[in-house]
*Asks:* 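What follows is a structure written as structure tokens; I'll ask about it next.
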Amino acid sequence: MEGQAFFISINNVITVVWSLLSLASALIYLLLKPPLDIVSSSILVAVGIVFSVVCPVKAPSRKTYREFKKFDWEVEVDPGKPKGENEHDVIVVGAGIGGLTCAALLSKWGYKVLVLEQHYQVGGFCSSFARRGFVFNSGVEDVSGLREHGPVTHLLSELGLRGEELFVKNTRRIVYKGKAIDVPNNLDQLIELLAKIFPGEENNIAAFFNEANKAYEECYREVPLYGAPCQQSS
Ligand SMILES: Cc1cc2nc3c(=O)[nH]c(=O)nc-3n(C[C@H](O)[C@H](O)[C@H](O)COP(=O)(O)OP(=O)(O)OC[C@H]3O[C@@H](n4cnc5c(N)ncnc54)[C@H](O)[C@@H]3O)c2cc1C
């Protein structure tokens with residue numbers, strides 16, 4: 001519902017802009033002589049077209065940015081001030097990947113940070129445990145955002161780390177109807193494999209991954225606007 005109201009408000013703004021431009025155009029024709037009237041009015045039409053194209057593209061991201069901004073909070077912290085042994089600029093509760101990342105960045109930016117963790121090991125859901133010779137993920141098995149300009153690549157470089165040294169490419173095996181299927185890491189090969197397993201579904205499988213790919217691209221499209229996780233707000 002909120003999205004619908006926002007869509008209507010964008011339409012209203014565009015309508016108002018076009019009304020004002022039409023009004024200005026009418027005044028131009030009344031007040032100016034040819035060819036100045038035609039030139040000025042054409043400029044106004046061009047402005048209107050650019051606005052109508054740019055506004056619906058930019059407005060949703062601006063709105064989301066403003067919504068996120070509401071949750072920004074500021075505290076008086078002076079990393080330059082000398083601190084006692086038990087004094088800290090920031091205390092992070094929880095050494096999951098979120099807390100650890102946050103603490104690492106703050107520490108790099110000169111804050112004295114204390115991380116408190118209730119568990120006997122760090123990492124939260126981004127960790128693993130061993131049982132009877134097997135290693136199990138607590139949660140995370142895939143990390144996205146590691147492409148060249150991806151946010152995780154950006155975050156790692158800010159922390160002086162390199163993805164290639166931290167992550168391993170896992171192989172996967174799915175057991176489907178009693179048959180072991182080795183899942184390729186390459187998307188084209190995966191689509192080919194699925195098409196063989198589900199004959200007649202080639203087009204649907206390709207369409208699904210096409211949509212998934214678009215969603216992925218969309219997730220990271222606004223990174224320059226919102227900032228990657230390690231970008232300090234200006
Ligand atoms: C089954 C599963 C699979 C997933 N797979 C993926 C995946 O493939 N890729 C991906 O990107 N994401 C995946 N996720 C999501 C990802 O695991 C989480 O988004 C991420 O790990 C959350 O990190 P976090 O630091 O916010 O929280 P957590 O990992 O939950 O860490 C919170 C930490 O805080 C500690 N803590 C909590 N309360 C206190 C307290 N009061 N005092 C002290 N310590 C406290 C906890 O012990 C824990 O260590 C998966 C999640 C699950 C559950």
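All of these numbers come straight from a predicted model, not from anything done at the bench. In each ligand, atom 1 is the first atom listed, and ligand 1 is the first ligand listed.
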*Asks:* Have a look at S25 and tell me which of L30, L20, L44, D37 forms a side chain to side chain contact (heavy atoms under 4.5 Å, CB included) with it.
*Replies:* L44
*Asks:* Return yes if some donor-acceptor pair links the side-chain N/O of K83 with the main-chain N/O of D89 below 3.5 Å, else return no.
*Replies:* no
*Asks:* Got a donor-acceptor contact below 3.5 angstrom from the S128 side chain to the V135 backbone?
*Replies:* no
*Asks:* Looking only at heavy atoms, which two atoms of I10 and A59 are closest? And how far apart?
*Replies:*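 Reported closest heavy-atom pair: CD1-CB, 3.8 Å.
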*Asks:* Looking at L146, is its backbone amide N or carbonyl O close enough to the side chain of T153 to form a donor-acceptor pair, meaning the two atoms are under 3.5 Å apart?
*Replies:*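 Judged by distance alone, yes, a pair lies under 3.5 Å.
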*Asks:* Write 'none' if nothing qualifies; otherwise put on separate lines each N/O atom of ligand 1 with a protein N/O atom under 3.5 Å away and their distance to 0.1 Å.
*Replies:*
from	atom 1	to	atom 2	distance (Å)
ligand 1	5 (N)	G139	O	3.4
ligand 1	8 (O)	E141	N	3.0
ligand 1	8 (O)	D142	N	3.0
ligand 1	8 (O)	D142	O	3.4
ligand 1	9 (N)	D142	O	2.6
ligand 1	25 (O)	I97	N	3.1
ligand 1	25 (O)	G98	N	2.8
ligand 1	29 (O)	F125	N	2.8
ligand 1	44 (N)	Q118	N	3.2
ligand 1	47 (O)	E117	OE2	2.7
ligand 1	47 (O)	Q118	NE2	3.2
ligand 1	49 (O)	E117	OE1	2.7
ligand 1	49 (O)	E117	OE2	3.2

*Asks:* Quick one: does any side-chain atom of K112 pair with a main-chain N or O of G84 as donor and acceptor, under 3.5 Å?
*Replies:* yes
